[in-house]
Amino acid sequence: MSVNEVKIKRAEIPFELRGTGPPTSRTFVLGDEDHTLGNALRHVLIQDPRVNFAGYCVPHPSEPVVHLRVQTNATATSGGVSGRKNHGRSGRNEEDDDDSDEEEIVGGLTEEGSTSFTAIDALKDACRTLSQQCEYVLEQLEVAMPEVRVDRERLKRLEEDMFLEKEKPGEMDEEELMEDMEE
Amino acid sequence: MAPNTDTATGSWFVTPSGLQWHHSTTPTPTPFSIRPLSRPSRDELSFELIGVDVSFANALRRIMIAEVPTMALEHVYMWNNTSLIHDEVLCHRLGLVPLNVDPRLFDEFGLEVEEDTGELASTDRNTIKWKIEGLVSGHDVEKEQEKRREKEKSPKKMSDEGEEEEELDPSVMDVAVADDAAKEASNLHSSNQVKKTPIDSASRPFTRHVYTRDLLWAPQGDQLSNFPLHSQGVGSGVGGGIRPISEDILLAKLRPGQVIELEAHARKGVGKDHAKFSPVATASYRLMPQIEILKPIYDDLAEELVNWFEPGVFTLVPVSKEEKKKGYKTKAEVSNPYACTMSRNYMRNPILKESIKMSRIPNHFIFNVESVGMMEPAVIVAEALRILKEKCERVVELADGALASMGD
């Protein structure tokens, strides 16, 4: 068991922020990632009008590390109402060609509405946008190909069955006993 | 890299802090749509995805190939292998055997640790056990043993028990039996009456082919109740239980006296780790071709054009009245650009080369997903989307964690 055991090599640092100076410019070091996420995030970041610069690189193909550089517009704000913000919002909604009306700029990111839009805010926004995009595509996929929904429901039922069966033997506290009795 | 400036979506403004990009009102971007195109079989799916960026489509493709997990044989305990196939080669072949089990019903290995030894725990929730045992190479060998016994001992002792014992313990077979078998074989082959069977045929006497159907599932713990032996449907195998996807994959060939006895454990893994874990035979996408007819093409030239392209791309249509007056009869029109593979054969004809312009439509992808069989191709696409979503959420969590630790 021990001699030939191959351990999957993980990156050393899962996430790191690099960069001194104003928080509107940062380099993010993402571990265990590659072009899959790097390129997708970079594209979403670029679509954001509050972002001045966005780029990614894979420093060495042998290491699962991605560097993502984000520089935001220093005068843009993450919350509150400003002319630029509204303008940015409308521009952004029209630009995102993938998720139609599900796009929402997370206005309430920070409690202080007047702080500038930092690089890390831009990154989080981009991740949320990409995540919403995936959800949207999933919904449309289920509409276009109903076997996906059938499979999802079947899996949920199977997992529930297996989970409940697993609960029966072993330690049972009163709650679980009641559950079993109800079944 | 500056923001996307190449599609005239705004303009540069000079401000005290430098150049600023203002996004202006943009023309309506390509609306999103996803539509299946064809399903040649249960395991193949062709669909089109319009309105997403190439980075998203590529991310989907990469995740389908490398990061959607499946179950495959990982650890093999070789108890006895006297075949011609080396241990490691046989283990490699076993690993590549696709298993017909839904990987989402199993946990990832390496999460639980055994309490006493501190090693990673192999439970019925993360491991599937398989065995190859009890193989006897060549039923003629058994007959051989029977004959030998009949000659040496009295007929009374030829009981069923004795036969079974010999069957169950082929590893104890001594060299004499193998010698006898070989002699018989050579006698058989040297006699003029018997036709020589070629070496490679499955019916060659004394050769036992080991197929994937000899790889037997050994259910552990709850597995038998979760994967009942006679269930139907995807992920439960023909005849139920957990089985390999095809039962006639040849693993090894055994000659008399050769034995394979092994136990193998299947675990969950991703294609990034080893290609055996990839759920797709392949997943690929191409951009939608766009064929523009610059100068109208008539009659013979049109017929030639139709033949240069894949069938269905171009069709011959009757000409309009004005064109009829000029003497033309038929015209070529684009009818099914999906079938085009951009072979550019038409360029062999210099006239056609000038009259047709071919390009690609951006943000319009035609995906082709071929599943190995443990999950339906549409389900693999859905899983890839979920995994991409998880990656994004993981980055948000990490970023929040970093913020919290910095005290920003």
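Chain A is the first sequence line, chain B the second, and so forth, proteins listed ahead of strands; every chain is numbered from 1.
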Polar contact flag, side-chain donor to acceptor under 3.5 angstrom, B/Asp53-B/Ser55: yes
Using non-hydrogen atoms and a 4.5 Å limit, figure out which bit of B/Glu67 sits close to chain A: side chain, backbone, both or neither. side chain
Quick one: of A/Leu45, A/Leu155, A/Leu158, who has the most non-hydrogen atom pairs under 4.5 Å with chain B? A/Leu155
Is the side chain of B/Ser405 donor-acceptor paired with the backbone N or O of B/Gly401 at a distance under 3.5 Å, no angle test? yes
Is it the case that more than 12 heavy atoms not belonging to B/Glu44 sit under 6.0 Å from its CD atom? yes
Which atoms of A/Leu141 come close to chain B, meaning under 4.5 Å heavy atom to heavy atom: side chain ones, backbone ones, both, or neither? both
Quick one: ring-ring contact (aromatic ring centres under 6.0 Å, His included) partners of B/Phe365, sequence neighbours excluded? B/Tyr285
Examine whether an atom of B/Val381 lies under 4.5 Å from a heavy atom of chain A, and if so say whether it belongs to the side chain, the backbone or both; otherwise answer neither. both
Interface moiety of A/Asn39 toward chain B, non-hydrogen atoms closer than 4.5 Å: both
Heavy-atom distance under 4.5 Å to chain A: side chain of B/Arg394, backbone, both or neither? side chain
Need one label for A/Arg69: side chain, backbone, both or neither, based on atoms under 4.5 Å from any heavy atom in chain B. neither
Heavy-atom pairs under 4.5 Å with chain B: which of A/Asp34, A/Val143, A/Asp32, A/Leu30 has the most? A/Asp34
Does the structure place the NZ or CZ of A/Arg42 under 6.0 Å from the centre of the six-membered ring of A/Tyr56, at an angle of no more than 45° from the ring's axis? no
Is it the side chain or the backbone of B/Leu60 that comes within 4.5 Å of chain A heavy atoms, both, or neither? neither
Run the salt bridge (charged side-chain N to carboxylate O under 4.0 Å, His left out) test against A/Glu153 and tell me which residues pass, sequence neighbours left out. A/Arg149
Portion of A/Leu138 that has a non-hydrogen atom of chain B nearer than 4.5 angstrom: both
So what's closer than 4.5 Å to chain B heavy atoms on A/Gln71: side chain, backbone, both or neither? neither
